[in-house]
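Single-structure report; data block below.
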Amino acid sequence: MSDREFKRVASLADIPRGQTYCITAGDVEILLCHAAEGVFAVANLCTHAAARMSEGKLRGCRILCPLHGAAFDVRSGAVLSRPAREALRSYPVKVEGDDIYIALAE
Amino acid sequence: MSATNNPTPGEARAPGPSVADTLRRDSREVPAPLLEQHYAFLGDEDLPVERYISREFFQREIERLWPNAWQWACREEHLPETGDSYVYDIGPYSVLIARMDDGGVKAFLNVCTHRGTRLIDAQGCAYTPSITCPFHGWSWNLDGSVRNIPGQWDFPHTVGDSHNLAAVRCEVWGGFIFINLNPEAAPLADYLGVMPAHFAQFPLERRRIRAHVQKTLPANWKIAQEAFMEAYHNFETHDSPHGANAQYDVFSKYVSRFIHTIGSYSPTALADYPGDKWRSPPMSEQEMLADLSIEGRSLAAGETARQVAAQAIREQLQAQLGVDIDRCSDSQVLDSIEYHLFPNMFFFPGILIPMVYRFRPNGDDVDSSIFDVLVLEPLPDGAAHPEPPEPTRLGVEQSYTEAPELGWLAPVYDEDTGNLDLQTRGLKTSRKGLSLGNYQEVRIRRVHQTLDEFMDQGKPFR
Ligand code: FES
Ligand code: FES
Ligand SMILES: [Fe+2]
């Protein structure tokens, strides 16, 4: 993890607890999710039929897809319910003071 | 034994001070409902074992009981905003409850009206601003009306509300959203009976969910809930003197109650319990106070452990939560006051013991159930409901102590649920039915008698 390149992508002040915030890095949309357990970053497009998770809702550690209701765990991206079958890609996050950094490369 | 049997069944009571005697010494005015007594003898025949272990009985419950019983699905605060929804499953049935634009809630069968696909898979909180079936993409508005049918040209026969989501009866009481799968069910109020009046001073809608733990239990849902319907087990199961002189009330076919006092008990009620513990000598008031976790406070002459403990809790609630319960009786502050609502729900108006329970069958497994415990903490006047916690889910082998949010209750629930597997296995090797105490176990009998009515007269789901 240490040699990964972290990029500052947002300010903590942009994302009240319980809310999400969508950023774009190149042509990828990434959703920052501020849960009680911390800030997590997952791909913004649902693995089922590409609905935007930013139009869904964060409930605890679950992000709910607005289209067919699939749920994912924002901590890992793991899929929790159908109809999705694949996890959302998840990105490492660092919070330093008010700054949120994520690592984009593998 | 016959010497101690009363000739009129159901008339005998535990010797020594009763709950009513304890309530008379309360430091505050005791709300009238807590002073009511409502017992009637309901018979003393054994309950056949099959009611708990047979697949046919279980299947008939699925067909006749669950589709006709009012049951709470979730709390209002589980779906605070327009588009929020909640999925509640009972046996094979699944219900979707949605928050409308106008702030009201509606419930629907969680099933597509095209070819029957389940709409939302996972139980619990969901978000369905425009619910869409994953199969062919039919979609509906929040009120269940059709929003769009892709390739509408092929479905000229979907007219008017013919393909709206199927409405499910839905009513709210005490902050709980209740559903009933029978469109012709009598109103919830008929079912609740005395409960709205009894809870008027203890409004459950003004409570927040402090903890929610959902555990799988290795027993039929009735075995599991019946472990919580009497306080007769307290001595052996919990190593506690409280409960041997509890009060039991049956208010209607659907509603029953026990009150078992905390911080006072009847030593003489323990006369024929094994050993001398708590009887000879009885616990002193000072020891009782320590038992209530209040250390380093000496009782003055005339003070009772109950009064001092209740006052300490009032002050703690004021300091920690900003909730004023100065007028609350010692009984409401301390005691285990448990209302049961047929078939599977429990509500406690208390402060120290403020839970809500629900016991459901686990899928189609006769010998397994899902037990929800909610700890409901009073909300300060005017405060909005915070977001409710996601339930902590525990498997059969896990201990309640793995849910630290339960605090002192966790080891108690481990004790309560520790006998369930033994009872399930025991019943399978029993030729004899289950015997019930005429008084202390009357609530269990009431549930079975009402259950029989549903099994005979309940409208089959289909
Ligand atoms: S697009 Fe997310 S569940 Fe279908
Ligand atoms: S089964 Fe739901 S759209 Fe076809
Ligand atoms: Fe118990």
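Letters A, B, ... are given to chains in the order of the sequence lines, protein chains preceding strands, and every chain is numbered from 1.
- By the 4.5 Å heavy-atom criterion applied to side chains, A/K57 and B/E81 are counted as neighbours.
- Between the OH atom of B/Y127 and the CG atom of A/L67 there is a distance of 12.0 Å, given to the nearest 0.5 Å.
- The candidate from A/A49, A/G60, A/P66 with the greatest count of non-hydrogen atom pairs under 4.5 Å with chain B is A/P66.
- Listed by sequence position, B/E387, B/P388, B/E390 are the residues of residues 387-410 of chain B in contact with chain A, using a 4.5 angstrom heavy-atom cutoff.
- Your options are B/D121, B/I120, B/D84, and the one with the most heavy-atom pairs under 4.5 Å with chain A is B/D121.
- For chain B, the option among A/H48, A/R62, A/E55 with the highest count of heavy-atom pairs below 4.5 Å is A/R62.
- Within a 6.0 Å radius of CZ in A/R8, other residues, nucleotides and ligands contribute more than 12 heavy atoms.
- In this structure, A/R82 places its CZ atom where only 12 or fewer heavy-atom neighbours from other residues, nucleotides or ligands lie under 6.0 Å away.
- The distance from atom SG of B/C125 to atom CG of A/L58, rounded to the nearest 0.5 Å, is 11.5 Å.
- Using a distance-only test at 3.5 Å, with no hydrogens or angles considered, no donor-acceptor pair links the side chain of A/R59 to the main chain of B/G124.
- Atom CZ of A/R52 has 12 or fewer neighbouring heavy atoms from other residues, nucleotides or ligands inside a 6.0 Å radius.
- Surrounding CG of A/D98 are more than 12 heavy atoms belonging to other residues, nucleotides or ligands, all under 6.0 Å away.
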